[in-house]
Amino acid sequence: MVKILCVAEKNSIAKNVAQILSGGRSSMRPSTSPYIKNYDFQYDFQWLNMGRCNVTMTAVAGHLMNLAFSQNEYGWGKCDPNLLFDAPTIDEMDDKIVKNLQNEGRHATHLMIWTDCDREGECIGWEIVQAVNRSNSSLVSSDSVYRAVFSHLEPSHIIASANRPRKLDQRQVDAVRARQEIDLRAGLAFTRLLTGNYRSVLQSDLEYKQLAKKDDKPVISYGTCQFPTLGFVVDRYERVINFIPEQFWHILLSVKDLDGSESKVKFQWERGHLFDRLAVLSIYEHCIGTCEDRAKVIHVSSKDTKKFRPLPLTTVELQKNCSRFFKLSAKKTLDAAEKLYQQGYISYPRTETDKFPAKTDLKSLLNKHQGHSEWGPYVTNLMNENSTSTNKYQWPRSGNHDDQAHPPIHPILCVDIAKTDNRMTSDEKTVYNYVVKHFLACCSTDARGRSTTLKLDWGGETFYANGIQVLERNFLDIYQWADWKSNDTLPAYQMSDDVVVSKTEMKSGQTSPPKHMTESELIMLMDANGIGTDATIADHIEKIKSRNYIKVQTGSGSGAKKTASVFLPTSLGRSLVHGFEKIGLEESFSKPFLRRDLEKDLQLICGGTKDKKDVVSLIIGMYRNYYQITTSQMRNLIKVYNDIKAESQGQVTQRNRVN
DNA sequence: GCAAGGTC
């Protein structure tokens, strides 16, 4: 009897795929794990050519295995951390889920992997094979393991995937196993080394004690993602603190309109500003001397312009925007999105994809919202092809990212918070409303406007002014966070007209320092530098907060005018970055380069031009070297900490003295 | 008490 066991990365995918392949006629059984169900049905896999077969579709919950060291031999305090670069690793398995796979796989003739089609998913597929192999070794030996290739849950796509499987890609598995091994060895070795050496000096650190939870033993952790993240915050902080303002000068013109009235528009100097006061003064005096109160129009242009609707929503964009618009932390945002997903309100919240698969039925997703008390009228108007409004339904713009596993985040159900009695928390409501409005904006028409530029010649110098007239707001009517306003109308002069200059000013100003790091900027930097993934970026930020490497300075003001909260490094955070800088390891520890190089090597493993063994031994070799340097320079590392501590306390006492 | 990556 032929029996096919299908295994997905998470229960929600197993449920959906079973629903599609069975045509809604699958039966559900519980499993040995509370998060996972087994779905039985029959299906005719064309590649198998065996007619209708019995199928069980089940799932895991992410990785089944955790790479680790034996606690007995290599636990904390039981060995020199240096040994962790060579110590044997073990694979810890999730017992409950493995048990279910063993039960369900015991009598299977074929195993079909339905994990997400990304690198981690390929590795999870390999882990599933190891688990099933425990109860049914003939599956592997008879080469009966297949892997479905799918990128979303559109039924015809899933059916096509069921019929065109490939084999597992061992190279991708190797790449993930390499990353795991490097992160584990380097992370644990350096965490133990740093904790052992910083603990005693931290006992007299008042800032640390204030931030730390009572009874918490300090842990000074190192991680390949934690340190570059900290590096971004410290780097910004230093640039703000060390900023030296420079004075500059520029010239502004005010003019009279055609009818002789005073125009509100000020004309800017095309040279921008100069840092040399005398130079600006002599140009200014020359202009006054030559032309006094007359200028000539030397350029008039006017062109249509657009403000683009947002791209389909990715996890990183959701987190950035909820942080900017609602002051909701990345962690809280992702937690709320996860809950909304589990309740079936929104699609899977961890995705890098910013284009919708061509066959997605967006119109029916939109139509569900027609009766919504807040945005129902907007949707009704959008979907009405006969309306006179310029805002018509449009297929969303497409970005360049595709994780090959999940579509952009979008609403699945319409939840009317004003009408229904539901148990959404306030964070969930905020995130749900944002996801819906973002989706509506994606499917709307770009805003249209007209941009006008006028340039004047005054005494041989050029001055310009720009004007924007917003003609059609379109998506802006629902996406209130991207406002676009018309500014003052430019005077309606024509080319070569003479213009009366009503006022000339030579002004001075100062360059201003950069702002401290906001969470949304940090997310953007991490994303751009490949530090963490959509699912882990928020965790890394929380981690360096909980380690007291950075602290949050909450914004001031209230409501819409409230300024963003910013991240500041603690003395400890700054000492770690500057300590490694001092001993010559800056590039490797507090900059994103090492992690980026690792990512490149992983890609090469996937492409078959590098070997897992070579990559691991090369990078572990580098870390072993860094470890030697760090141990031999530990005094210097601690000295940097003490210097920074003394310096910050010095600042405090100085300030006290002034007061 | 330690990493980063999946997922609940």
Side-chain angles (χ1 to χ4, degrees), chain A residues 7-14 31 33-37 59-69 71 74-79 81 84-85 87 89 92-94 96-97 115-128 172-173 175-196 198-199 212-213 215-229 315 334-335 337-339 341-343 348-351 403 405-406 526 530-544 546-547 595 598-599 602 619-620 623:
Chain A
V7 187
E9 187 163 320
K10 45 191 161 278
N11 185 64
S12 65
I13 299 277
S31 80
S33 160
Y35 307 114
I36 289 159
K37 306 280 182 271
V60 293
H63 280 289
L64 266 179
M65 291 178 175
N66 183 41
L67 199 67
F69 295 114
Q71 277 306 302
Y74 298 102
W76 195 316
K78 292 192 176 151
C79 72
L84 298 179
F85 294 116
T89 58
E92 295 174 342
M93 304 276 269
D94 182 313
K96 280 185 182 165
I97 298 177
T115 49
D116 296 352
C117 288
D118 51 27
R119 223 162 53 193
E120 296 294 332
E122 209 69 15
C123 185
I124 293 168
W126 175 84
E127 293 165 17
I128 292 165
Q172 291 189 53
V173 178
V176 172
R177 302 279 293 171
R179 178 196 54 73
Q180 291 173 337
E181 189 176 337
I182 291 163
D183 286 340
L184 175 75
R185 293 189 191 281
L188 270 56
F190 275 95
T191 298
R192 292 179 191 178
L193 176 69
L194 293 176
T195 303
Y198 276 78
R199 183 163 284 171
K213 293 201 182 78
D215 308 327
D216 265 4
K217 277 189 177 180
V219 171
I220 310 303
S221 59
Y222 167 79
T224 52
C225 289
Q226 291 176 36
F227 262 51
T229 306
T315 308
L334 196 56
D335 287 350
E338 177 67 33
K339 286 272 163 51
Y341 162 67
Q342 282 171 30
Q343 294 166 89
Y348 189 67
R350 286 179 283 271
T351 175
D403 63 17
H406 303 287
M526 293 172 74
I531 304 303
T533 68
D534 46 24
T536 62
I537 280 178
D539 293 338
H540 297 312
I541 297 175
E542 288 303 307
K543 180 71 80 184
I544 64 170
S546 72
R547 294 283 185 245
R595 183 83 200 177
L598 170 63
E599 180 59 32
L602 299 184
I619 298 187
I620 292 301
Y623 270 109

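All values below come from the heavy atoms of this structure, side chains included, with hydrogens, waters and symmetry mates left out. Below, chain A is the first sequence line, B the second, and so on; all start at residue 1.
Considering all non-hydrogen atoms of both residues, A/I544 and A/Q226 come closest at CG2-O, 3.6 Å.
The salt bridge (charged side-chain N to carboxylate O under 4.0 Å, His left out) test applied to A/E599 returns A/R119, not counting sequence neighbours. Residues satisfying the ring-ring contact (aromatic ring centres under 6.0 Å, His included) criterion with A/Y341, sequence neighbours excluded, are A/Y348.
Residue A/Y222 is classed as a sugar-phosphate contact, given heavy-atom separations below 4.0 Å to backbone atoms only. Residue contacts shown for A/R595 are limited to sugar-phosphate atoms, with no base heavy atom under 4.0 Å away. Base contact: A/Q71 has a heavy atom under 4.0 Å from a base atom. Residue contacts for A/G187: at a heavy-atom cut-off of 4.0 Å it reaches the sugar-phosphate backbone alone, with no base atom in range. No engagement by A/T115 is indicated, since no non-hydrogen atom pair under 4.0 Å with the nucleic acid exists. Contacts of A/L67 with the nucleic acid, taken as non-hydrogen atoms under 4.0 Å apart, include base atoms.
In this model, the phosphate group of B/dT7 is approached by a side-chain N or O of A/Y348 to a distance below 4.0 Å at OP1 or OP2. Between A/Q226 and B/dA3 there is a side-chain polar atom (N or O) within less than 4.0 angstrom of OP1 or OP2. Of the side-chain N and O atoms in A/H540, one or more sit less than 4.0 angstrom from OP1 or OP2 of B/dG5. Distances shown here put a side-chain N or O of A/R547 below 4.0 Å from the OP1 or OP2 atom of B/dC2. The side chain of A/R177 places no N or O atom within less than 4.0 Å of a non-bridging phosphate oxygen (OP1 or OP2) of B/dG6. Between B/dG5 and A/T536, a contact under 4.0 Å exists linking OP1 or OP2 to a side-chain N or O.
As rounded to whole Å, 15 Å separates atom C1' of B/dG6 from atom CD1 of A/I537. The nearest whole Å value for the distance from the CG atom in A/D539 to the P atom in B/dC8 is 14 Å. Between A/L64 atom CG and B/dC8 atom P the separation is 13 Å, expressed in whole Å. Computed from coordinates, the A/K339 NZ to B/dT7 P distance equals 16 Å when rounded to whole Å. Spacing between atom CD1 of A/I128 and atom C1' of B/dG6 amounts to 11 Å, rounded to whole angstrom units. In this entry the distance linking NZ of A/K543 with P of B/dA4 reads 7 Å, nearest Å. Between the CD atom of A/Q180 and the C1' atom of B/dG6 there is a distance of 9 Å, rounded to whole Å. A/Y35 places its OH atom 19 Å from the P atom of B/dG6, with the value rounded to the nearest Å.
The aromatic rings of A/Y74 and A/F69 sit tilted relative to each other, their planes meeting at an angle between 30° and 60°.
If you find the closest nucleotide of DNA chain B to A/S221 and to A/A61, the one lying nearer the 5' end belongs to A/S221. Heavy-atom distances to DNA chain B give each of A/G77 and A/R350 a nearest nucleotide, and the one nearer the 5′ end belongs to A/G77.
Proximity note for A/Q342 (side chain, C-beta onward) versus B/dA4, B/dC8, B/dA3: the nearest is B/dC8. Among the nucleotides B/dA4, B/dC8, B/dG6, the one closest to the side chain of A/A535 is B/dG6. Residue A/E120 places its side chain closer to B/dG5 than to any other of B/dC2, B/dC8, B/dG5. Minimum atom distance to the side chain of A/E9 is reached by B/dT7, of the listed B/dA4, B/dC8, B/dT7. Distances were taken from every side-chain heavy atom of A/D183 (C-beta onward) to each of B/dA4, B/dG6, B/dC8; the shortest belongs to B/dA4.
For the side-chain contact (heavy atoms from CB on, under 4.5 Å) criterion with A/V173, the lone passing option out of A/E120, A/E127, A/E122 is A/E122.
Side chain to side chain, A/T224 and A/R595 meet the donor-acceptor criterion of an N or O pair below 3.5 Å.
Distance alone, capped at 3.5 Å, is enough to place a donor-acceptor pair between the A/S31 side chain and the A/I36 backbone.
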